[in-house]
Amino acid sequence: MNDRNRGARGAGGGRGGQGANTSEGVRPRVVIVGGGFGGLETARGLAGAPCDVVLIDRRNHHVFQPLLYQVATAALSPADIAAPIRSVLRRQDNARVVLSEVTGVDLGHRRVAVAGGDTFGYDWLVLAPGVTHTYFGNPAWSKRAPGLKSIEDALEIRRRVLLAFEEAELEDDPEARRAKLTFVVVGGGPTGVEMAGALREIAAQTIPDDFRRVDTSTARVILLEGEDRLLPGMSEMAGRGALHHLEAMGVEVRLGTYLTDLDDETVLLGDERLAAANVIWAAGVKAGSLSGTLGVDLDGSGRVKVEPDCSVPG
């Protein structure tokens, strides 16, 4: 039997067919989809366990996502927050890393399909592919308002931010210059709060002496949050603290405010149209398309509805 299909039989009645392979003297296989926090920690947690681990990811590196905003604001380089997955698992004898994109899961036959047509059989399957941006029914906004979920996203935002200051330096028209120095961050969760604070710090403290014709400290950083407080997923104290610190830095925080539309030059905030050359999206996430291949119940964000132990019902 092809090695990639080994473990797909699983007829032993236990979850994932673990009993069948064990009785045949074949070590059970755990396939993990995703090399982020969940997937990588699961793989490391199985070090020394009597099983074979296959970790599949479409990228060859793990990204420490909480620091992506520092790459996006040029405080760190990508290498500072990324580590090759193979290097992380190099000393784990029972772990194998596969660079590929998972295209679907066949729960009935216990197989994971990857790009190119190959499949990997499994006895146990761990899905940890992460999330992507959601623009709440407005996918066209993505070109104008990039999100921050990957190294590529961070580098694109960094390019736009630094270019905005360069263009403002050359701009003679005061209104056009003001628009180039206006940054709108959509979403008052952790990413939005960190991003807004970092942008204001750069403009007011880091780069003013680097420019001759423009005062970068006059840059406007506007943080939008639809709820009545920042960090709605955290404690009220954390939200109040974030609001206090951001406002002390000079960030304009607008609570109870939604972005309702945008074009190439402006954003619409309710009835107010604001000239802003730079928009950064941090307003929401949704599950990737992989969850839709499982044939199980999903919630409104495309996430699999699971039991308390994260298993799929049934």
* To do: Would you confirm whether Arg212, through its side chain, and Asp209, through its main-chain N or O, come within 3.5 Å as a donor-acceptor pair?
  => yes
* Please tell me if the side chains of Leu274 and Ile222 come closer than 4.5 Å, counting only heavy atoms from C-beta onward. => yes
* Can you list the residues that meet the salt bridge (Lys or Arg N to Asp or Glu O under 4.0 Å) rule with Arg44, with sequence neighbours excluded? -> Glu41
* Asked: With side chains defined as the heavy atoms from C-beta onward, is the minimum distance between Leu230 and Leu223 less than 4.5 Å?
  -> yes
* Minimum side-chain heavy-atom gap Thr73-Arg158 below 4.5 Å -> no
* To do: Report yes if the side chains of Leu89 and Leu40 come closer than 4.5 Å at any heavy-atom pair, otherwise no.
  => yes
Identify every side-chain donor-acceptor pair in residues 232-250 under 3.5 Å, counting partners at least two apart or on other chains, and give the distances.
{"from": "Ser235", "atom 1": "OG", "to": "Ala238", "atom 2": "N", "distance (Å)": "3.1"}

* ILVMFWY network linking Ile280 to Val285, side-chain heavy atoms under 4.5 angstrom -> no
* **Ser150 and Asp153 side chains, donor-acceptor separation under 3.5 Å** => yes
Expected list for residues 177-192: side-chain donor-acceptor pairs under 3.5 angstrom, two or more places apart:
{"from": "Arg177", "atom 1": "NE", "to": "Ala168", "atom 2": "O", "distance (Å)": "3.4"}
{"from": "Arg177", "atom 1": "NE", "to": "Glu171", "atom 2": "O", "distance (Å)": "3.2"}
{"from": "Arg177", "atom 1": "NH2", "to": "Glu171", "atom 2": "O", "distance (Å)": "2.6"}
{"from": "Lys180", "atom 1": "NZ", "to": "Glu167", "atom 2": "OE1", "distance (Å)": "3.4"}
{"from": "Thr182", "atom 1": "OG1", "to": "Arg178", "atom 2": "O", "distance (Å)": "2.7"}

* Among all residues two or more places apart in sequence or in another chain, which pass the side-chain hydrogen bond (donor to acceptor under 3.5 Å, both in side chains) test with Asp172? -> Arg213
* Quick one: do Val267 and Val251 end up in the same hydrophobic cluster if we chain Ile, Leu, Val, Met, Phe, Trp and Tyr together by side-chain heavy atoms under 4.5 Å apart? -> no
For residues 292-299, please give each side-chain donor-acceptor pair under 3.5 Å, one per line with the distance, not counting sequence neighbours.
{"from": "Thr293", "atom 1": "OG1", "to": "Val105", "atom 2": "N", "distance (Å)": "3.4"}
{"from": "Thr293", "atom 1": "OG1", "to": "Leu290", "atom 2": "O", "distance (Å)": "2.8"}
{"from": "Asp299", "atom 1": "OD1", "to": "Ser301", "atom 2": "N", "distance (Å)": "2.9"}
{"from": "Asp299", "atom 1": "OD1", "to": "Gly302", "atom 2": "N", "distance (Å)": "3.1"}
{"from": "Asp299", "atom 1": "OD1", "to": "Arg303", "atom 2": "N", "distance (Å)": "2.8"}
{"from": "Asp299", "atom 1": "OD2", "to": "Arg303", "atom 2": "NE", "distance (Å)": "2.8"}
{"from": "Asp299", "atom 1": "OD2", "to": "Arg303", "atom 2": "NH2", "distance (Å)": "2.9"}

* To do: Find out whether Thr260 and Leu269 are in side-chain contact, i.e. whether some heavy atom of one side chain is under 4.5 Å from a heavy atom of the other.
  => no
* Kindly write out the residues that satisfy salt bridge (Lys or Arg N to Asp or Glu O under 4.0 Å) with Arg144, not counting sequence neighbours, or none if the list is empty. => none
* State plainly whether one hydrophobic cluster holds both Leu255 and Val193, where clusters connect Ile, Leu, Val, Met, Phe, Trp and Tyr through side-chain heavy atoms under 4.5 angstrom apart. => yes
* To do: Decide yes or no for Val304 and Ser291: does some side-chain heavy atom of the first lie under 4.5 Å from some side-chain heavy atom of the second?
  => yes
* Scan for ring-ring contact (aromatic ring centres under 6.0 Å, His included) pairs involving residues 72-97, sequence neighbours excluded, and state none if there are none. => none
* To do: Can you tell me which residue pairs pass the salt bridge (Lys or Arg N to Asp or Glu O under 4.0 Å) test with a partner in residues 59-85, sequence neighbours excluded?
  => Arg59-Glu152
* **Which residues share a salt bridge (Lys or Arg N to Asp or Glu O under 4.0 Å) with Glu272, sequence neighbours left out** => Arg254
* **Connected via hydrophobic side-chain network under 4.5 Å: Leu268 and Phe136** => no
* Asked: Under the ring-ring contact (aromatic ring centres under 6.0 Å, His included) rule, what pairs show up with a residue in residues 254-299, not counting sequence neighbours?
  -> Tyr135-Trp281, Trp141-Trp281
* Is it possible for you to say whether Leu67 and Leu199 belong to one hydrophobic cluster, with membership spreading through side-chain heavy-atom contacts below 4.5 Å? => yes
* Where at least one partner belongs to residues 31-67, residue pairs that pass ring-ring contact (aromatic ring centres under 6.0 Å, His included), sequence neighbours excluded -> Phe37-His62, Phe37-Phe64
* Asked: Sequence neighbours excluded, which residues qualify as salt bridge (Lys or Arg N to Asp or Glu O under 4.0 Å) partners of Arg200?
  -> none
* **4.5 Å side-chain heavy-atom contact, Lys286 and Thr132** => yes
* **Smallest separation among heavy atoms of Asp263 and Glu265, with atom names** => OD1-N, 2.9 Å
* Asked: For Arg111 and Tyr122, which heavy atoms make the closest approach, and how far apart are they?
  -> N-CE2, 3.3 Å
* **Beyond-backbone contact of Leu99 with Asp57, side-chain heavy atoms, under 4.5 angstrom** => no
